[in-house]
Amino acid sequence: MTTSSVSKGCFVFKPDLKKRKRTVDIGKERFSICRSLWEKIKTDTEILQDELNKKILDSLLEFIKKCTSSFQCRSDEWSCLMRASEIPTAALVLGVNVPDHDMTFQSLSDLLQESVTPFAVSVQAKECSGMPKSNLMQKLLERLMGVRVTEEEYEEDPSLSGVPLQQKRVSCSIGALCQWYKAVTNVRKHIKFSPGKYCSLENDVLQCPPIVVIFKDFEAFNPHVLQDFIFICSRYIQELPLLLVFGIATSPCTIQHMLPHSVSSLLCIELFQSLSCTQHLATVIDKLILTAEFPFKLSGKVLQVLVNIFLYHDFSVRNFVKGLQLALLEHFHSQPLSVLCCKKKHALLNAQKLSHQHLEMLRQLPSFMRYVEAQEPQEQVQLLTSDKYVKEVCQKLLKDIRKYHKNYYCILRCLSSLTSSLPKYPLGKHIRELHMSCLERNIWETNEYESAIQLLRLLAKDELVATLKKCADILKPCKTKKMNSVLQQLEDYIVKLEHLDSKFITLLEMKGSRRTKKMTPFEMLKNEALDFIDCFVRSHLSPPELQPLHEVCYYSSSGFLRQHLNATPRTSIQTALSQPFYYLQNENLKTDAGTVSSSAPDICIVYKLHLECGRLINLYDWLEAYATVVSGAEGKDPDSEEYGKVDELKHARFIKAVSELEFLGFVKSTKQKTDHVARLTWGGC
Amino acid sequence: MPAVLQCPGYPEAKLRCLAESLQCREVQASTLLALMGEPQQYSYPSVFIYGHRATGKSHVVLALLTELELPHAAMSCVECFSRGLLFEQVLMALFGPEAAALLPRCASFSDFVRVYRQMCAQEPADQTRYIVLERAELLRNMEANLLPGLLRLQELVDDNVTVILLSEIVWDKFRPSTGCFEPLLLHFPDYTKAELQQILSRHSHPSYTPELYSSYINILLGVFYSVCRDLRELRHLAALNFTKFCEPLEKGEAQESDTHKLWRRVEPHLKRAMQTVYLREVSSVQWEQQQMDEKEATALRGLSAHAHVELPYYSKFLLIAAYLASYNPARTDRRFFLKHHGKIKKTNFLKKHEKTSNHLLGPKPFPLDRLLAIFYSVVDSRVAPTASIFSQISSLVTLQLLTHIGHDDQLDTPKYKCAVSLDFIFAISRTVNFDIVRYLYDFL
């Protein structure tokens, strides 16, 4: 579009209204589907996390409550008097997946606030760096007193409104905390008698709630700070019900490494071990990926990328879910037909609403084209011409793919339960491995499947019956017709196998049969059952690529995910330096591989030239070469005297480029030769 | 018969009472009393008391000061981590909160002296004032003028004041290079076994005879005296295990006089306690719980039993590479990680100092690029140098499996040390099927 204006202003071109409306509608629809799916993922994972942490958090709460009550009834009993008063400490071992810990600590402090004490503080190592000791203490006092004082319920109380003023004078020491605590608990005792929100709390907890200090990342703390802190606390433990929680990422031994005996003898440490992160991942995959409920799917390669990042790099479930989120966003962003990737009713409705443009896109889908080719010629014509007919077919195909998914996951679980107890795990120990190989190819054509079936044939009768029963249990909740019939047949086999028992197979008979190579009834039945299993695996576990319209719900660009989740800074720098066109997108910079145009940025030219040098680079030679290249860009005549001459400007540009290269870590100055720099990378280009 | 403390100027009854509570420390207490002199007399400006943990230093000093009702300020230097806090607490204790309020923010020592003098002019001392500083070794880390100043505080404020420093370290480690006023030194020796026995037996259980308790303490000391002389800890252990000792008596299986039988019952129990609850492998609450449940030894696993650490795959290899870089001399890398390294015999290319085991010398620092070079050669697949590999290195540092050498600000060629033990690295390399022994120079 052009304007007749001569000024270099900005002009707004409103697009054609009709066109815009339609695309916006579809875009909005996609966006809202994407958002609702993400919300679901988020809430589901949070619920999962809470469930998984429930056990450990409950036992931790139990411990804290027990300690609190023991603070209360510190009697004059002999043993209590004689025992050194230790600070109750919970060592919470959470595993090395540090990014996941935040959620756990969040729910822990929520739980504490809810049911035990309002005085729960968490501190992180990085907040307490700098002036070490005072910082930790300051953070602690700030969080405890600051929060309490600003809370409204105490504001009308004159005895407490003086507290914040006083705090400003009293510098941060535990002594000050002690005074403050006494003041607050006194007020609480008064409040106790007025009926209010504290009725639900237990009486003793109400009277003197403990002060819980949570060290989120124990390993990262400065040991001296911790030692001194514990030492100070132990001096006040008689007056102040303090409780420590250490969030440990490695192993409880670190406590002994960081604290000498003189300090650890002040603690009464109890250990709480959380679930391992691999188990956590397994549940997340089970709930989010291995389910027909959730319309968005990952292809085998994408799942592989996400799982690999988890296993090889960080062990972090949170990052795994973030990766899933990225895949979800990218799918809905890049695939216009993803509007069909939602709940069944919704999807059918959306299919009805598809525009001609989208239907064309649908016809272009490879899976749909394959489907069309498989149809009768008459039908083919109709599919390619009639939009209405395509919509109908599309709805049917969507229903089919839904059914396929329902059956797929049931059978997948069945097969996994059958094979997961086999020796050496031919099909993988975890269900996700089996899932990934099923996504990739026809599982029944692999050698692993072959050997798994062979191993199943070797099972004794009771083992076989047990595994088949497990299978049947898995199939029971599946509601589809096909699954019901499979279940029916499976149960028949189980009954038959159990029935065999009464027929009394003697050992002798078996021996005899082996010699004559004649199969016993048990073997015959077993083979029949396994053939049946093989048959339903073949019919239901075909890879999704064969399903028409699979592109709608499967996200498959693993390269994109890998590039974004597992960034390679060095490769990007090298690409930027050797192929400036890649990032700058300037036509002038387009060159053949391995060469750099002379109009490229200075640093690219300098980089290219430095690749041709050895370990030590003579700066003057380098400058000369640079000047020659740059002169070429200026369009000077190669024969003139000026060509390749170093003037001040070029000199300055060269020096700037070299120092940029030094900043990026490719060269550094060396003491061996003053007019040389050392190259820090090795190898050719 | 305890020696009677004698000092003119103090009431007899109180002294007798003190002598009761300061058992086995009569000598030190009477020396201190002699130093203090009568309440109104000037005392020596500074006294330095040292001795091991739980040898009664603070107890004796504080008991004397509180029982004789002398004006004093007692604080621990751990708690007063800044000098401002220290001054504030001293003034608060000696003159009340108004005095502390006079201190400016970030008070210097001269501010303190000025305020002290001012307050002192208002309330001149009729008795010696005492300032007691526990864990005085921490004063050395504060401002350089603080310790010398405190030592001659009497002179500076022109008041009858004495500073008593308590520490576990000898005075020689305190003396500043610029010289200072020498305090009087007073040593508190460790309690002997007999003294420990005497002190511990004083707090007998109310429902049992003192003789029984005394014999129990005797058994306890027999087990623990060789490892622990800390009075506080011993008393704690005595309290924890006493119920077990009395168990046969409760059940009627033994008489109080059957000391041998009781000893036989409780001794293995105490030995187990030495390995678990004393080292805080098992918490005292858990220990008592276990005693009550009578489940023996099997149920509880100590802290160090959970030594296993799960790490991501590449982190394991990074750690292995770091271990190799730390314990192999850099010159030997060619031999281990190059395919055609030729024959290099150990004896030929050894330098003299490398003949001792590297494991005895401890880990050596190595630069980042050496770590990565070894990493790429030990890991079995091709790994792209991604950002997460580098971030794994820094998370290994925060997990304290590696340590960063030098200052944090140094971005150029960072150096690391591997901080894990041989057993740990064996366990790690076993999980990834890596035979680390073949790559360790010490095990060639």
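Every chain is numbered from 1, with letters handed out A, B, ... down the list of sequences.
Contacts of A:Asn566 with chain B are made by both backbone and side-chain atoms, with heavy-atom separations under 4.5 Å. The contact between A:Thr278 and chain B is made entirely by side chain atoms (from C-beta outward), counting heavy-atom distances below 4.5 Å. Proximity to chain B is absent for every atom of A:Gln227, based on heavy atoms less than 4.5 angstrom apart. Contacts between A:Leu267 and chain B at a heavy-atom distance below 4.5 Å involve the backbone alone (N, CA, C, O). Contacts of A:Leu311 with chain B are made by backbone atoms alone, with heavy-atom separations under 4.5 Å and no side-chain atom involved. When heavy atoms are compared at a cutoff of 4.5 Å, B:Glu310 approaches chain A by way of both its backbone and its side chain. Using a 4.5 Å cut-off between heavy atoms, A:Lys668 makes no contact with chain B at all.
Considering every non-hydrogen atom in both B:Arg280 and A:Ser264, the closest pair reads CG-O, 3.3 Å. Residues B:Ala387 and A:Pro569 come closest through the heavy atom pair N-CD, 3.6 Å. Minimum interatomic distance between B:Tyr314 and A:His313 (heavy atoms only, all atoms of both residues): CD1-CE1, 3.3 Å. Here the closest heavy-atom approach between residue B:Thr386 and residue A:Thr568 is recorded as CG2-CG2, 3.3 Å. In this structure, B:Leu399 and A:Glu219 approach most closely via the heavy-atom pair O-CG, 3.9 Å. When all heavy atoms are compared, the tightest approach of A:Ser251 to B:Val309 is CB-CG2, 3.8 Å.
A cation-pi arrangement is present between B:Arg135 and A:Phe231 under the rule of less than 6.0 angstrom and at most 45 degrees off the ring axis.
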* B:Ser284 vs A:Glu86, side-chain hydrogen bond (donor to acceptor under 3.5 Å, both in side chains): CA-CA, chis, key distance, verdict -> CA-CA 9 Å; B:Ser284 50; A:Glu86 296 167 312; 2.4 Å; yes
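Atoms OG and CG, on B:Ser395 and A:Asp314 in that order, are 9.0 Å from each other to the nearest 0.5 Å.
Between A:Leu271 and B:Glu281 the shortest side-chain heavy-atom distance does not fall below 4.5 Å. Taking 4.5 Å as the limit, some side-chain heavy atom of B:Pro312 sits within range of a side-chain heavy atom of A:Val96.
Side chains of B:Glu79 and A:Tyr236: a donor on one and an acceptor on the other come within 3.5 Å.
Residue pairs that meet the ring-ring contact (aromatic ring centres under 6.0 Å, His included) test with at least one member in residues 250-270 of chain A, sequence neighbours left out, are A:His261-B:Tyr278.
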